[in-house]
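Just below is one structure, and these are the notes that go with it.
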Amino acid sequence: MFDPLTADFDSEGLARLRRHEPVSRTPSGSWFLARFDDVLAATRDPDSFIASFREPGVVVPEEEQLVNEIPRPRHGQIRRIINSAIAAHRVSRIEPFCRDLCQGLLADILTRGGPSDLLADYVMPVPNNVIAQLLGAPPEDFLLWARWSDDVVQGSYPTQNRNERGEGLAGAHPEFVAYVDALVASRRATPCDDFITRLINTEVEGRRLTDVEARTQLVFLFISGNETTRHLMANVLWSLANDPSLFAQLREDRQLVPAAVEESLRHDPPIRFLMRTCTVNTEWHGQHLCPHEKIAFGVASANRDETHFEDADRFRIDRPDPRGHLAFGGGPHVCPGASLARLEARIAVEVFLDSVASVIPVHPGRYDPVLVSWAHGPQTLEVELVPALPV
């Protein structure tokens, strides 16, 4: 039985679901939405479908709910605080920092010569350092909380709100929590012109975040700013490394880079599916969904829906509506970091094209997927790079 929640990215299996079982039961008992229109409609109904990877029956204290699982109206308040802090900091400030970072990383790779793993040497340091810059964390600590982020994502806390070490985020990942709490406490004592200071001081509808709420949302931003952006960058670079014609086309015309980033988001979304908990009795395509049942919004399947995308399984940068995909979700819970992720991926590709004359994959066509079920990205990308001649 095909399982869209655990199988490798299987475009044929997803196509069969879209044709014959647009709403299906998975072997784990969750429901799965396969079609674009259904996923889009469901993302726009957060009252009926609460965002959560938690297992049924797991209750999380209100202050410890991640922003994507907070119900309305509190979600709107927390989201506006986060959006205000991001807007005040202005994501565009990050561009020079990100470009300098990418140039330095690629210069090191090209100076060293020989085979290189672009995931370890180029991709992973970028979102880690950028989110550190945005949030005001010491950049020298990025390896620490990058490891902590991976520990959270790959462990049982996201589904069970606990692990073998303890209950809740503080019990399950005490080092990560202590680190973030120290950042919050330092901004309380000595405010700075940075994101954390704005996050804890921004007031919406007469309320500010408590220290626990600030900690929870900062952990969420550390993780989401690291994990999904890493997969986005890796997928774009994998396509460039394995498609010489695409690489040549983008080297010839940098104005095509944003379209290539969007097509990568559509064709290879960093998040394959979004988990939700149904809160009402509802019916979709003849299937009856009950309260407390889990349902997966099939983002990767929706983005390959033949009724919305011509030649849906092909990577094409000439699509009339490049952003008409669901890689960042939709509705009120659309990803708050979408603009930052797009910026990082665009700059990483532009610098790569400026610095590299040609790229030779060590294992052409091989895609080793990450081991996180909901994520879509390669674990490694081993290449040999030929440097571009100085202009």
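Starting from 1, each residue takes its place in the sequence as its number. Predicted, not measured: the structure shown is a model, and the values here were computed from it.
For His292, the NE2 atom counts as loosely surrounded, since its 6.0 Å shell holds 12 or fewer non-hydrogen atoms of other residues, nucleotides or ligands. Within 6.0 Å of CD in Glu12 there are 12 or fewer heavy atoms belonging to other residues, nucleotides or ligands. For Glu252, the CD atom is loosely surrounded, since the number of other residues' heavy atoms within 6.0 Å does not exceed 12. Within a 6.0 Å radius of CZ in Arg25, other residues, nucleotides and ligands contribute more than 12 heavy atoms.
Remark: Glu350 engages Arg346 in a salt bridge, criterion side-chain N to carboxylate O under 4.0 Å. Remark: Arg74 does not engage Glu205 in a salt bridge, criterion side-chain N to carboxylate O under 4.0 Å. Salt-bridge check for Asp311 with Arg314: passed, with a basic side-chain N closer than 4.0 Å to an acidic carboxylate O. Residues Arg215 and Asp181 are paired through a salt bridge, judged by an N-O separation under 4.0 Å between the basic side chain and the carboxylate. Ion pair Arg319/Glu262 not flagged as a salt bridge, since none of the NZ, NE, NH1 or NH2 atoms sits closer than 4.0 Å to an Asp/Glu carboxylate oxygen. Checked for salt-bridge contact, Asp45 and Arg276 miss the test: no charged N lies under 4.0 Å from a carboxylate O. In summary, Arg208 and Glu213 do not engage in a salt bridge, as defined by a charged side-chain N under 4.0 Å from a carboxylate O. Taking the charged nitrogens against the carboxylate oxygens, Arg35 and Asp37 have no contact shorter than 4.0 Å, which rules out a salt bridge.
Between the side chain of Thr111 and the backbone N or O of Ala107, at least one donor-acceptor pair lies under 3.5 Å. Side chain of Thr279 to backbone of Ser48: a donor-acceptor contact under 3.5 angstrom is found. With hydrogens and angles ignored, the 3.5 Å screen pairs no side-chain donor or acceptor of Asp268 with any backbone N or O of Ser264. With hydrogens and angles ignored, the 3.5 Å screen pairs no side-chain donor or acceptor of Ser30 with any backbone N or O of Ala296. Distance alone, capped at 3.5 Å, is enough to place a donor-acceptor pair between the Asn303 side chain and the Leu326 backbone. Judged purely by atom type and a 3.5 angstrom limit, Glu382 has no side-chain atom pairing as donor or acceptor with the backbone of Val362. Side chain of Thr216 to main chain of Glu63: a donor-acceptor pair is present (N/O by atom type, distance under 3.5 Å, no hydrogens or angles). Of the possible donor and acceptor atoms, one in the side chain of Arg18 sits under 3.5 Å from a partner among the backbone N and O of Ser301. Between the side chain of Asn242 and the backbone N or O of Gly365 there is at least one donor-acceptor pair closer than 3.5 Å. In this structure, the side chain of Arg16 does not engage the main chain of Glu21 through any donor-acceptor pair within 3.5 Å.
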Run His173 and Tyr179 through ring-ring contact (aromatic ring centres under 6.0 Å, His included) and show every step you take. CA-CA 10 Å; His173 300 279; Tyr179 181 87; over 10 Å; no
Apply the test side chain to side chain contact (heavy atoms under 4.5 Å, CB included) to residues Ile78 and Arg207: give CA-CA distance (whole Å), side-chain angles for both, the deciding distance (0.1 Å), then the verdict. CA-CA 9 Å; Ile78 303 295; Arg207 79 182 302 275; 3.3 Å; yes
Kindly determine whether Asp321 and Arg323 satisfy salt bridge (charged side-chain N to carboxylate O under 4.0 Å, His left out), including the steps that lead there. CA-CA 6 Å; Asp321 181 15; Arg323 292 195 175 193; over 6 Å; no
Quick one, His363 with Asp368, criterion side chain to side chain donor-acceptor pair (under 3.5 Å). Give me CA distance, side-chain angles, the key distance, then yes/no. CA-CA 10 Å; His363 306 288; Asp368 295 321; over 6 Å; no
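A chain of hydrophobic side-chain contacts below 4.5 Å, direct or via other Ile, Leu, Val, Met, Phe, Trp or Tyr residues, connects Val334 to Ile81. By the rule that hydrophobic residues join a cluster once side-chain heavy atoms approach within less than 4.5 Å of another member, Trp284 and Leu17 end up as members of one cluster. Clustering ILVMFWY residues whenever any of their side-chain heavy atoms sit less than 4.5 angstrom apart, transitively, puts Val204 in a cluster other than the one holding Val212.
The two residues Ala214 and Val184 have their closest heavy-atom pair at CB-CG2, 4.4 Å. Shortest non-hydrogen contact noted between Thr26 and Met1 is C-CE, 4.5 Å. Listed here is the closest heavy atom pair of Asp38 and His285: OD2-NE2, 2.7 Å. Listed here is the closest heavy atom pair of Ala42 and Phe297: CB-CZ, 3.3 Å. Between Asn281 and Cys290, the shortest heavy-atom contact is OD1-CA, 3.9 Å. Scanning all heavy atoms of the two residues, the minimum distance from Pro127 to Met233 falls at CD-SD, 3.9 Å.
Of the N and O atoms on the side chains of Asp121 and Ser116, at least one donor lies less than 3.5 Å from an acceptor on the other residue. Under the 3.5 Å distance criterion, with hydrogens and angles disregarded, no donor-acceptor pair is assigned to the side chains of Tyr122 and Asp108.
Remark: aromatic rings of His267 and Phe9 are distant, center separation not under 6.0 Å. Remark: aromatic rings of His75 and His333 are close, center separation under 6.0 Å.
Looking only at side-chain heavy atoms (C-beta outward), Ile223 and Asp150 stay at 4.5 Å or farther from each other. Taking 4.5 Å as the limit, every side-chain heavy atom of Trp374 sits out of range of all side-chain heavy atoms of Leu274. Residues Val299 and Arg272 form no side-chain contact, since every pair of their non-hydrogen atoms from C-beta on lies 4.5 Å or further apart. Using a 4.5 Å cut-off on side-chain heavy atoms (C-beta onward), Ile317 and Gln249 make contact. Here the side chains of Glu95 and Ile347 are in contact, with some heavy-atom distance below 4.5 Å. The shortest distance between side-chain heavy atoms of Leu5 and Ser373 does not fall below 4.5 Å. A 4.5 Å side-chain heavy-atom check between Arg304 and Asp313 finds at least one atom pair inside the cut-off. No side-chain heavy atom of Ile271 sits less than 4.5 Å from a side-chain heavy atom of His376.
Taken to the nearest 0.5 Å, the CZ atom of Phe220 stands 12.0 Å off from the OG atom of Ser149. Note that CE of Met275 and CZ of Phe32 are 10.0 Å apart. Values are rounded to the nearest 0.5 Å. With values rounded to the nearest 0.5 angstrom, Ile295 atom CD1 is found 9.0 Å from Glu293 atom CD. Ile200 contributes atom CD1, which lies 11.0 Å from atom OG1 of Thr210 (distance to the nearest 0.5 angstrom).
A cation-pi contact, defined as under 6.0 Å to the ring centre and within 45° of the axis, links Arg266 to Phe309.
Applying the ring-ring contact (aromatic ring centres under 6.0 Å, His included) test between Trp238 and each of Phe247, Phe352, Tyr367, Phe315 identifies Tyr367 as the sole match.
With sequence neighbours excluded, the residues forming a side chain to side chain donor-acceptor pair (under 3.5 Å) with Glu175 are Arg165, listed by chain and number. With sequence neighbours excluded, no residue forms a ring-ring contact (aromatic ring centres under 6.0 Å, His included) with Trp31.
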Could you go through residues 253-260 and list every donor-acceptor pair under 3.5 Å that involves a side-chain atom there, pairing it with any protein atom two or more places apart or in another chain?
residue, atom, partner, partner atom, Å
Asp253, OD1, Gln255, N, 3.0
Arg254, NE, Asp354, OD1, 3.0
Arg254, NH1, Leu250, O, 3.4
Arg254, NH1, Arg251, O, 2.4
Arg254, NH2, Leu353, O, 3.3
Arg254, NH2, Asp354, OD1, 2.7

